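What you see is a predicted model; the values in this text were computed from it and never measured.
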Amino acid sequence: MNDIAGKNNKIIIEENPPAIHIWSQGKRKLSTGIPPAFIETESSRYSVTSIKSRSKTENTEKIIWNTGREDFYVILTVTVSEHFVDFLWEGTSAILAVTFDMSSDHYWCGQGEFLRHEWPLNKTALPFGPLITSDNGPTGLGNIQTPLWWNSEGTGIYVKDCNSLYAGIEPYKILIVGTESKSLKIRVFTGETIPESYSYFIKEADKPSRIPPKRLLTLPVWTTWAFYKTDITQEHVLTFAKDIRNHSFPGGTLEIDDIWQSDYGDFDFNPHKFPAPEVMIEKLHDMDFRVTLWITPFFNPSSKNFAVGSENGFFIKGKDGAPERIPWWHGPDALLDVRNKEAMAWFKEKLEKLQRIGIDGFKFDAGEASFLSETTFPGRNDYSRLWVEFASLNFPYGEVRTGWNNHTSGMLFRQWDKFSVWDSYNGLSSVIPQALTMSLTGYPFILPDIIGGNFYGEEKIERELMIRWTEVSSLMPAMQFGFPPWLFDEETEKICRFYAELHETFSREIIKLAEEAVLTGMPLIRPLFWADPYDKNTYDISDQFLLGNKYLVAPVLKPGSEKRNIYLPAGLWRDYRTGREYEGPVLLSDYSVPLDCLPIFENINEYL
């Protein structure tokens, strides 16, 4: 056994069996799996077995590991610093992978969105495969991903400067991180708590350059998608807007979704569906709506712009040099080449032309790496990064739906298209875990998709689900309606309108936190352990969240329930509705939560 020590951190390397342990301030913070690394070919996995050689300086050690195959070896260089430890792993070929032990009593979180999103990550099994932003990926990955994992000891595992990554969580609780490259740089943050280590991560990843437009954080967005789907017309849009105003709902933005064009890839309104778009936009502005349009990077061969884009090389190309036909929801179609500056200037001019007739912004949909292969677009996560960078730089009024190293973007980042169900399989119960994960991976400006879900297939939304979903969304950074609440009954309309107005009431706090996020990188939506990182009871709570440090929110996420247990961390908490005060830590058992109630507690210590 050999040690490498720095100011706060110590690394212990065991040889038999091979394992690595990170200690900081007298506590074991993290251990690798056994073995700590392996090389994987198409047919076999070759684990490190013994140490071939090692050399050491004051804070750095270089180790060459043998594997079960003579011509495969793994080199590890460890450098110990005050607040983190750097691991540079180098392999000879194939997939190089590193393992971390998740089987201790630590709780884990991070990485990104999952279609079935469990909290904490210890409850998740993820097949080892490409770590890519995904539109319902084959291993269950979602649209925003970050190679960053946290445990409740305050340890963060962050993969730096690598795009072709693999990840998996094996059933016996081993986190595996790998790469097709020959090297893997991993920085392990060793703060005493996750909030402390998160501050070190922000220094690496950076923070948003600005907040989203305040109107998007203040007033709900209304989208045509959930109710009308592709059956949108000028008449439908104006009727929808008038109904919103006639029913006295707040709303700052009306989003015209799929499909307002004649074909995918067109940038003119379909004249049959929208005979006078400029008149329509003027009327919407007169009703005090900003107007946004749904946009994707896909171009159908029958669209007006396909020939121009193809002739000028503006699309991703296949092996034959022609535009690659890429499958998507309405494809296969050509895909805009976001690496091509001329293509993006052309695309920008098309969108600016729409702005000249009054369009205020755009919903940038798709852009996930899963639409591509490594052959057609090497380092395919860069597609998501460049798509979001383009949107954020040029058209900040709107939203994006993907993210890869886009921590500086001052955009709303939308969760993946929700199902109209209660459970954690992309339903209501996944909203909070996904929001917490987005927060802990550097995306503070969260749009939790459409209230009530997207009503796909045979899905039908119940009034209770609609009400509870509205309550959850009301204290998120932004909220979005699609299905009209007034189509249920007067009570549903009244309750949903109350919580839309409550969001407007809380927008001053939301905007203040957003401005702080630009300065510090700290998230708006926070897990309960942010209030007391030493309270282990806070780490596995998936149905409560903090808005900043001032408010604790505990919505009902189960059908037919008007009671729930609520955990209040250390501090003095005042019930926002009743004014009653509670001294934490305390568990409020069977707390009464009628259908029209969203439990909110103010942290009175914030005033002191």
Item to check | Salt bridge present between D365 and R414 (N-O < 4.0 angstrom) | outcome: yes
Item to check | Test item: Q145 and L165 side chains (from C-beta on) under 4.5 Å apart, heavy atoms | outcome: no
Next on the checklist: For the residue pair K229 and W225, would you count it as a cation-pi contact if the rule is NZ or CZ under 6.0 angstrom from the ring centre and within 45 degrees of the ring axis?
Outcome noted: yes
Identify each donor-acceptor pair in which a side-chain atom of residues 473-483 lies under 3.5 Å from a protein atom, sequence neighbours left out, and give them as a table.
from : atom 1 : to   : atom 2 : distance (Å)
S473 : OG     : W469 : O      : 3.2
S474 : OG     : E471 : O      : 2.8
Q480 : NE2    : E399 : OE1    : 3.3

Checklist entry - With a 4.5 Å heavy-atom cut-off, do T520 and I202 have their side chains touching? => result no
Item to check | Results of side-chain contact (heavy atoms from CB on, under 4.5 Å) for A343 - residues two or more places apart only | outcome: F314, L336, N340
Next on the checklist: Going by the rule side-chain contact (heavy atoms from CB on, under 4.5 Å), which residues pair with T253 if we only count those two or more places apart in sequence or in a different chain?
Outcome noted: L216, V221, R290, T292, Y397
Next on the checklist: Exactly one of T296, N300, D258 should register a side chain to side chain donor-acceptor pair (under 3.5 Å) with Y264. Which one does?
Outcome noted: D258
Checklist entry - So, are D288 and R215 salt-bridged, with charged N and O less than 4.0 Å apart? => result yes
Next on the checklist: A side-chain contact here means heavy atoms from C-beta on lying under 4.5 Å apart; do W486 and R497 qualify?
Outcome noted: no
Next on the checklist: Under 3.5 Å, is there a donor on one side chain and an acceptor on the other for W328 and D333?
Outcome noted: yes
Checklist entry - Do the non-hydrogen side-chain atoms of Y166 and E180 ever get within less than 4.5 Å of each other? => result yes
Checklist entry - Quick one: CD1 on I157 to CD on Q111, what's the gap to the nearest 0.5 Å? => result 11.0 Å
Checklist entry - Any idea how F315 and F299 line up, ring-wise: parallel (<30°), tilted (30 to 60°), or perpendicular (>60°)? => result tilted
Checklist entry - For E515, does the CD atom sit with more than 12 other heavy atoms under 6.0 Å from it, leaving out its own atoms? => result yes
Item to check | Min side-chain heavy-atom separation Q355-E352 under 4.5 Å | outcome: yes
Checklist entry - Can we say R356 and E349 salt-bridge, meaning some charged N sits less than 4.0 Å from an Asp/Glu carboxylate O? => result yes
Checklist entry - Using 30° and 60° as the class limits, which term best fits the ring planes of F267 and F347: parallel, tilted or perpendicular? => result perpendicular
Next on the checklist: For H236 and Y228, take the angle between the two ring planes, folded into 0 to 90°, and tell me which bin it lands in: parallel under 30, tilted 30 to 60, perpendicular over 60.
Outcome noted: parallel
Next on the checklist: Do E324 and F377 make a side-chain contact, defined as non-hydrogen atoms from C-beta onward lying under 4.5 Å apart?
Outcome noted: no
Item to check | Neighbour count >12 (heavy atoms, 6.0 Å) for atom CD, E342 | outcome: no
Next on the checklist: Check this for me: K214, atom NZ, are more than 12 non-hydrogen atoms of other residues, nucleotides or ligands nearer than 6.0 Å?
Outcome noted: no
Checklist entry - When the aromatic ring centroids of F274 and W260 are compared, is their separation below 6.0 Å? => result no
Item to check | Note, D243 side chain near W222 side chain (heavy atom, < 4.5 Å) | outcome: no
Next on the checklist: Side chains of N381 and N405 only: does a donor on one sit below 3.5 Å from an acceptor on the other?
Outcome noted: no
Checklist entry - Should we count NZ of K160 as having more than 12 external heavy atoms under 6.0 Å? => result yes
Item to check | Side chain to side chain, F445 and S409, heavy atoms closer than 4.5 Å | outcome: no
Item to check | Ion pair check, R339 and D382, cut-off under 4.0 Å | outcome: no
Item to check | Geometric class of the W150/F201 ring pair [parallel <30°, tilted 30-60°, perpendicular >60°] | outcome: perpendicular
Checklist entry - Between N305 and S303, is any side-chain donor less than 3.5 angstrom from a side-chain acceptor? => result no
Checklist entry - Under 4.0 Å between a Lys/Arg side-chain N and an Asp/Glu carboxylate O for K317 and D337? => result no
